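Heads up: the structure comes next, in structure tokens.
Since we're looking at a predicted model, the values are computed, not measured. In what follows, chains are A, B, ... by sequence order, proteins preceding strands, each numbered from 1. Both backbone and side-chain heavy atoms feed into the values below; hydrogens, waters and symmetry mates do not.
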There are 2 protein chains.
Amino acid sequence: MAVSDRAQQLLKLLVERYIREGQPIGSRTLARGQGLELSPATIRNVMADLEDMGLIKAPHTSAGRIPTVQGYRLFVDSLLTVKPLEQSEVRVLQDKFSGAVDPQQVLVTASSLLSEITSMAGVIMVPRREQPTVRQVEFISLSGNRVLVVLVLNGHEVQNRMIHTSRRYSPAELTQAANYLNHALSGKDFNKVRDSLLAEMRETQESINQLMLTAIDMANRTFQGAEEGGDYVLAGQTNLMGYAEMADIDRLRQLFEAFNRKRDILHLLDQAAHAQGVQIFIGEESGYEVLDSCSVVTSPYEVEGEVVGVLGVIGPTRMAYDRLIPLVDVTAKLLGAALNQTQ
Amino acid sequence: MAVSDRAQQLLKLLVERYIREGQPIGSRTLARGQGLELSPATIRNVMADLEDMGLIKAPHTSAGRIPTVQGYRLFVDSLLTVKPLEQSEVRVLQDKFSGAVDPQQVLVTASSLLSEITSMAGVIMVPRREQPTVRQVEFISLSGNRVLVVLVLNGHEVQNRMIHTSRRYSPAELTQAANYLNHALSGKDFNKVRDSLLAEMRETQESINQLMLTAIDMANRTFQGAEEGGDYVLAGQTNLMGYAEMADIDRLRQLFEAFNRKRDILHLLDQAAHAQGVQIFIGEESGYEVLDSCSVVTSPYEVEGEVVGVLGVIGPTRMAYDRLIPLVDVTAKLLGAALNQTQ
DNA sequence: CGTTAGCACTCATATAAGAAGAGTGCTAAG
DNA sequence: CTTAGCACTCTTCTTATATGAGTGCTAACG
């Protein structure tokens, strides 16, 4: 069944109004408010049609109507008019980004930025380490029989690990070991390096090989850790407590626990990474029960032309999509730009 | 005005019962429950006395009585009988700790442990970096004109910083610079090292000095960051949503925002660091409005005989102090022990 | 045929009035 | 000093009633 032009127009007005006021909209209200030349009775007829199509529903017999998920969907997909951000607004955002220097900080900034502006929860998925490679290993001798292993991943990320060794190594030894490893690693395959080290050990019994082996194992373990999925930065959860539709403390609790659990949210964000541009999950569409009364607006962000993560906003279904969509869009672009600079 | 023995006994029963049931306790209830040989009327008289002394109060005319903050205080200080944990319980706790390896992970474990067992929020203040000293600096040459600076603080903590340099330095140069700095740093005072570097630069125009200067500045900035106070690990906030006394969503929100703001909580924990052994803040005693309807049970924990942090539990005033006190106590000791091993 | 006015009907919400229960304070007696 | 008895106070629950918003349906109108 097709939705007539007038019905669409009416749906649009209804959704907009409901988003603004948060209360079921009746036929009379709708007739009065905008410059509609229709009587409430007519509007009622149209509303009945919309209800038949599952686009709006009445919470109870004698309340007005509110949009259903499908209603929001139609609204967002074809009825919504987004006005791009003002230049001045964009500049304000840019300013906020200009402060931060290291990548982690940029993410945190962006996340709280989103939550502040929108008064909802801002979430940013941190770049997943793409098939990390160790290009460089360095050993630093510390006091006591301890050696600090510095792993340089992908040429910019750094990880430190401390090793307690059975004997003390001289700086010269360590440098030599590092050189050997760095050379071997350009051949890339860890397990090969590891195997040859093991073989060599059986012949020479060189304890320094043991050290190098340990380093290799560490690197390996780092990768496994990376395998198990990313992480995200969340800000402004408490904002969600402010919304009437979240009044049910038990649902709220479940939602917060989901935030802590991270799994579901990450999964959702991950989906959004494959789409391009702003994507919107309304209510149950997300597929996660805890988000039933929430909508999520996301956009992937790119560094050097490649999608490295997703950012978004989580709020009640009744959110100002027209404002959020450009906002999320712009923030994603700014975040990408900021990350480009700090890398 | 002194509190008679019988009054104390009665207060104890009342508090215990209120903690268990969470509802105002009436004279009749109290008379029936325990093996008291007193009639409700007598108990009423005593209760009236207790109320005059400000130890209990009635929410309204015809409800029972509930303890006031002062009542809890007296209860905790002189009436409470704590039963130490069972050996088996201690062993369970120990097991949980045995898993973790690196210090950060131990803290996280302990925090969620506390929150799980108590069904409240567990909080652990991370060791504040005590007047950090840089014992060692290393430079690692990366691709592009980038140099990784590795600062080893206090002999075990490690920080990395990336520098973009104007020209490429050879590994030999970097090693030399590191050696020079490491030697100079044993003389300890940063600003002196910095000044002599500056002076030397004016004469020699050595650009490598610039690199070393940058490293020194970084170290300095690291210390300033440390100055501004510690951080803490929080787990199980969502547990707090379960308690009836936290039903006021707005108070709850404020509390959660305080958790995010961190300042107040840190301040409170800091106070507890100076006391020794388990300390208890009941309701307003903490001095922070957001914690008005909460109690906080804390204990400092030690590494190598020195207090390095505080851990604790945050929950509703009506909490099972008799269970929490030994629990927090033991956890603090176990945490200290665990940290000793991983250092 | 689309549009509109009129009207009966439904249902949430608010208000008031009682009734029940819990618990107290006070008094007087043991 | 302890206790029984009793009037009194408040909360809470239930029930009844009114109010108002909004609908669906029918019939009339252009």
Side-chain angles (χ1 to χ4, degrees), chain A residues 1-11 13-15 17-18 20-68 71 244-245 247-248, chain B residues 1-11 13-15 17-18 20-68 71 244-245 247-248:
Chain A
M1 191 200 300
V3 189
S4 80
D5 267 8
R6 190 171 63 179
Q8 292 201 8
Q9 187 63 12
L10 227 52
L11 176 62
L13 288 175
L14 188 144
V15 175
R17 186 124 184 182
Y18 178 66
R20 233 179 318 128
E21 324 208 330
Q23 275 172 348
I25 309 295
S27 54
R28 176 194 251 80
T29 325
L30 209 52
R32 223 185 306 114
Q34 336 301 119
L36 276 199
E37 290 304 304
L38 294 175
S39 78
T42 314
I43 294 185
R44 275 205 289 283
N45 287 329
V46 182
M47 275 176 150
D49 293 350
L50 286 172
E51 184 155 25
D52 283 345
M53 290 184 273
L55 296 172
I56 59 179
K57 64 167 184 255
H60 58 261
T61 324
S62 102
R65 307 303 221 292
I66 62 177
T68 62
E245 37 269 88
D248 183 349
Chain B
M1 187 200 304
V3 189
S4 80
D5 267 8
R6 190 171 63 180
Q8 291 201 9
Q9 188 61 14
L10 227 52
L11 176 62
L13 289 175
L14 187 145
V15 175
R17 185 121 183 183
Y18 179 65
R20 230 176 325 124
E21 324 208 332
Q23 274 172 348
I25 310 292
S27 55
R28 176 195 252 78
T29 324
L30 208 51
R32 221 185 309 111
Q34 335 302 119
L36 275 199
E37 290 304 302
L38 294 176
S39 77
T42 314
I43 293 183
R44 275 205 289 282
N45 288 329
V46 182
M47 274 175 150
D49 294 348
L50 287 172
E51 182 155 27
D52 284 345
M53 291 184 274
L55 295 173
I56 59 178
K57 65 168 186 255
H60 59 261
T61 323
S62 105
R65 308 302 220 293
I66 62 176
T68 63
E245 38 269 88
D248 184 349

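- Here B:Thr29 reaches the OP1 or OP2 of C:dG23: one of its side-chain N or O atoms lies under 4.0 Å away.
- More than 12 heavy atoms of other residues, nucleotides or ligands sit less than 6.0 Å from atom CD of A:Glu21.
- Distances from the side chain of A:Arg44 to the nucleotides D:dC25, D:dG20, C:dG23 place D:dC25 closest.
- Residues A:Arg6 and A:Thr42 have side chains in contact (heavy-atom distance under 4.5 Å, counting atoms from C-beta outward).
- Atom pair A:Asp5:CG and C:dG2:C1' shows a separation of 16 Å (rounding to whole Å applied).
- Side-chain proximity of B:Glu51 to the nucleotides C:dT3, C:dG25, D:dT3 is greatest for C:dG25.
- Residue contacts for B:Glu37: at a heavy-atom cut-off of 4.0 Å it reaches the sugar-phosphate backbone alone, with no base atom in range.
- Considering only side-chain N and O atoms, A:Ser39 lies under 4.0 angstrom from the phosphate OP1 or OP2 of C:dT4.
- With D:dT3, C:dA5, D:dG20 as the candidates, the nucleotide lying closest to the side chain of B:Ala41 is D:dT3.
- B:Ile43 places its CD1 atom 10 Å from the P atom of C:dT24, with the value rounded to the nearest Å.
- Side-chain contact between B:Met47 and B:Leu30 is present, with at least one heavy-atom pair separated by less than 4.5 Å.
- Nucleic acid contact class of A:Thr42 (heavy atoms, under 4.0 Å, all strands): base.
- Checking each of A:Thr29, A:Ile66, A:Leu14 against A:Pro24 for a side-chain contact (heavy atoms from CB on, under 4.5 Å) leaves exactly one that passes, namely A:Ile66.
- Rounded to a whole Å, the CG atom of A:Asp49 is 14 Å from the C1' atom of D:dT23.
- If you check every strand for non-hydrogen atoms under 4.0 Å, B:Ala63 touches sugar and phosphate atoms only.
- Between B:Leu50 and B:Met53, the closest side-chain pair of non-hydrogen atoms falls below 4.5 Å.
- Taking for each of B:Leu38 and B:Pro59 the nucleotide of DNA chain D with the nearest heavy atom, the 5'-most of the two is the partner of B:Leu38.
- OP1 or OP2 of D:dT23 sits under 4.0 Å from a side-chain N or O of A:Ser27.
- B:Arg28 has no side-chain polar atom (N or O) that falls below the 4.0 Å cut-off from OP1 or OP2 of D:dT3.
- Rounded to an integer number of Å, the gap from CG of B:Leu14 to C1' of C:dG23 is 13 Å.
- Atoms CD1 (B:Ile56) and C1' (C:dT24) sit 12 Å apart, rounded to a whole Å.
- Rounded to an integer number of Å, the gap from A:His60 NE2 to C:dA12 C1' is 5 Å.
- Rounded to an integer number of Å, the gap from CG of B:Leu50 to P of C:dT24 is 12 Å.
- With a 4.5 Å cut-off on side-chain heavy atoms, A:Arg65 and A:Ile25 do not count as touching.
- Counting atom types as modelled, B:Thr61 pairs no side-chain N or O with a base atom of D:dC10 as donor and acceptor under 3.5 Å.
- Using a 4.0 Å cut-off, no side-chain N or O of A:Arg65 falls inside it from OP1 or OP2 of D:dA21.
- Rounded to an integer number of Å, the gap from NZ of B:Lys57 to C1' of D:dC10 is 18 Å.
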